Amino acid sequence: IVYPDKFDFLLAADVADDAVDILTRIEHHGVVGAQLDRVAQTIRDHHHVTDHALFLVPHFAHAQVTVDERLAPGQPLVVIAHRAVGGGAPENSLAGIRYAIERGVDMVEIDVRVTRDGQYILMHDSSLSRTTNVEDVFPDGAPWLDPDDPLAFEQLVSDYTLEEISRLRLRDPGGGDHPVATLEAALDLAEGRLLMLLELKNSEVESLVPLLNRYDTDNLLLWTQGDRRKLADIAAAVGVGVADYFPNVTNIEARLDKAIELFGPLLKLAGVGSQAITPELVSIADTRGLRVDVDTRFRIPLEPDGTV
């Protein structure tokens, strides 16, 4: 049996036939999440394996799909989990990324910031206060700051070293124990399993480029709301694709051409809010070889944890 697409290994045990192990190598790319049900049914049909005897091993899964392959013309919609939220896990957490992998989500968007000692962590806000217990662990602010300094109470990521941040835990109403994730831990977890869109809240070319170059970056895209020229330099140095976002559709054709001029062939996605999507915009993007990223948060009602 040839199983097209992208799972690496399936393991099934037929207890009715003396626990004969079936180890099937999947040769191509594409199966994730709910599609595994169809693969499992195929195994049952051909090998008479009972439901309770079939084991799918998700941690052996390898997406092995590049950004270019997944965004190619004719591919289905790509599902992107904003801030890797899902399954009740805190935003920008390794638990959220694991949940996305297990559920067969195509891509997660995560936020990247630099610590005081130049290390990269996942954090949306410039302050640690909203998403971590920093005010409990460091009630007077970062150790190097004077407690009377107004900056101490801002609890900025940039005021703390990675070692200090490692003492914090992400806020979780469910009571889970979630450390603040490093970018390296997130890349290690997602490599070969999941596409990632990294929003660079702040970054430095000199430190981020060598970090990213240690990984297979075919599953990565970068974007920023900050210095787009710096983003272009990082993307070019690593050879990784870029997404660019447009808050409205005024002069969209000219704006897309300007983005293409800046990023060149590394520009892969043109992002808009769902209230701005039109057939004309999709057509314009298509003529330039771009896929359109639609932010559904602007129109579709969300659950309290941010999921659709």
Side-chain angles (χ1 to χ4, degrees), residues 6 29 32 62-73 75-86 91-92 96-97 100-101 104-113 120 122-124 181 183-203 205 208-209 211-247 255-256 258-273 282 285-286 288-297:
K6 77 184 167 215
H29 302 296
V32 289
H62 285 271
Q64 304 294 3
V65 172
T66 68
V67 166
D68 285 342
E69 289 170 338
R70 190 62 184 85
L71 299 185
Q75 290 294 308
L77 289 173
V78 176
V79 177
I80 305 174
H82 184 244
R83 301 187 200 170
V85 169
E91 65 180 60
N92 285 307
I97 295 173
I101 293 170
V105 172
D106 296 294
M107 182 184 293
V108 294
E109 182 266 355
I110 56 176
D111 304 288
V112 178
R113 287 189 179 275
Y120 289 89
L122 307 193
M123 187 65 53
H124 179 272
L183 175 58
E184 289 169 281
L187 293 173
D188 286 339
L189 179 58
E191 191 171 33
R193 296 181 176 95
L194 185 71
L195 304 180
M196 300 185 79
L197 175 59
L198 310 183
E199 180 181 352
L200 305 181
K201 293 294 189 178
N202 60 347
S203 60
V205 177
L208 186 57
V209 167
L211 189 161
L212 293 179
N213 275 332
R214 298 205 298 269
Y215 293 86
D216 179 356
T217 56
D218 287 343
N219 70 323
L220 300 182
L221 282 175
L222 308 179
W223 80 284
T224 188
Q225 298 183 67
D227 188 336
R228 295 166 75 248
R229 170 52 64 185
K230 182 189 291 186
L231 174 64
D233 291 342
I234 293 171
V238 179
V240 65
V242 171
D244 204 5
Y245 284 78
F246 306 93
R255 296 181 66 212
L256 276 175
K258 202 161 187 177
I260 291 171
E261 181 180 348
L262 175 60
F263 298 116
L266 293 177
L267 183 63
K268 309 294 183 181
L269 278 182
V272 297
V282 173
D286 188 54
R288 287 154 177 77
L290 303 175
R291 294 295 292 273
V292 176
D293 178 4
V294 183
D295 190 336
T296 59
R297 293 172 302 151

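Position 1 is the first residue of the sequence, and the numbers go up from there. Model, not experiment: these values are computed from the prediction.
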- Task: Work out which heavy atom in R70 is nearest to a heavy atom in Q75; give both atom names and the distance.
- Result: O-CB, 3.3 Å

- Just how far is it from atom CG of L222 to atom CD1 of I234, taken to the nearest 0.5 Å? 7.0 Å

- For L267 and A243, which heavy atoms make the closest approach, and how far apart are they? CD1-C, 4.2 Å

- Task: For side chain to side chain contact (heavy atoms under 4.5 Å, CB included), just list the numbers for V108 and L194, CA-CA rounded to whole Å, side-chain angles, deciding distance to a tenth of an Å, and then say yes or no.
- Result: CA-CA 8 Å; V108 294; L194 185 71; 3.7 Å; yes

- Note on the structure: Contacts satisfying ring pair (Phe, Tyr, Trp, His ring centres under 6.0 Å) that involve residues 219-238 (not counting sequence neighbours) are W223-Y245

- Item | Residues forming a salt bridge (charged side-chain N to carboxylate O under 4.0 Å, His left out) with K230, sequence neighbours excluded | E204

- Given side chains that start at C-beta, do those of L71 and V78 come closer than 4.5 Å, heavy atoms only? yes

- Message: Quick test of your reading of the model: are K201 and E199 salt-bridged, counting only N-O distances below 4.0 Å?
- Response: yes

- Item | Spatial distance of atom CG (N202) from atom OH (Y120) [nearest 0.5 Å] | 7.5 Å

- Could you state the interatomic distance from CG (L231) to CD (Q225), rounded to the nearest 0.5 Å? 11.5 Å

- Item | side chain to side chain donor-acceptor pair (under 3.5 Å) partners of D227, counting only residues at least two apart | none

- Message: Do M196 and L187 make a side-chain contact, defined as non-hydrogen atoms from C-beta onward lying under 4.5 Å apart?
- Response: yes

- Heavy-atom side-chain contact between V242 and L221 under 4.5 Å: no

- Item | Partner set under side chain to side chain contact (heavy atoms under 4.5 Å, CB included) for A185, not counting sequence neighbours | L94, T182

- Item | Under-4.0 Å salt bridge between D286 and R291 | no

- Item | Shortest non-hydrogen contact between I110 and I97, atoms and distance | CG2-CD1, 4.5 Å

- Message: For a side chain to side chain contact (heavy atoms under 4.5 Å, CB included) check, start with the C-alpha distance between L208 and L200, then their side-chain angles and the critical distance, and finish with the verdict.
- Response: CA-CA 10 Å; L208 186 57; L200 305 181; 3.8 Å; yes

- Query: T217 and L212: which non-hydrogen atoms are nearest, and at how many Å?
  - Reply: CG2-O, 3.3 Å

- Message: Counting C-beta onward and ignoring hydrogens, is there a side-chain heavy-atom pair between Y215 and D188 closer than 4.5 Å?
- Response: yes

- Any donor-acceptor N/O pair, N92 side chain to L122 backbone, under 3.5 Å: no

- Message: Are L211 and L183 packed together at the side-chain level, in the sense that at least one heavy-atom pair is separated by less than 4.5 angstrom?
- Response: yes

- Query: So, do N219 and T66 sit near enough that their side-chain heavy atoms are less than 4.5 Å apart?
  - Reply: no

- If you measure from NE2 on H82 to CE on M107, what distance do you get to the nearest 0.5 Å? 13.5 Å

- Task: Could you grab the distance from atom CG of L197 to atom CZ of R83, nearest 0.5 Å is fine?
- Result: 13.0 Å

- Item | Pairwise distance CZ(R229) to CZ(F263) - rounded to 0.5 angstrom | 8.5 Å

- Show your reasoning for whether side chain to side chain contact (heavy atoms under 4.5 Å, CB included) applies to V292 and V272. CA-CA 7 Å; V292 176; V272 297; 4.0 Å; yes

- Task: Sort and list the pairs that fulfil side chain to side chain donor-acceptor pair (under 3.5 Å) and have at least one residue in residues 232-242, not counting sequence neighbours.
- Result: none

- Message: Does anything in residues 213-224 form a salt bridge (charged side-chain N to carboxylate O under 4.0 Å, His left out)? List the pairs, not counting sequence neighbours.
- Response: E184-R214

- Residue pair V240 / L198, side-chain heavy-atom distance below 4.5 Å: no

- Side-chain contact test, heavy atoms from C-beta onward, threshold under 4.5 Å: evaluate it for K268 versus D68 and give yes or no. yes

- Message: So that I can tick it off, tell me whether D244 and R228 are bridged by a salt bridge, with the cut-off set at under 4.0 angstrom between side-chain N and carboxylate O.
- Response: yes

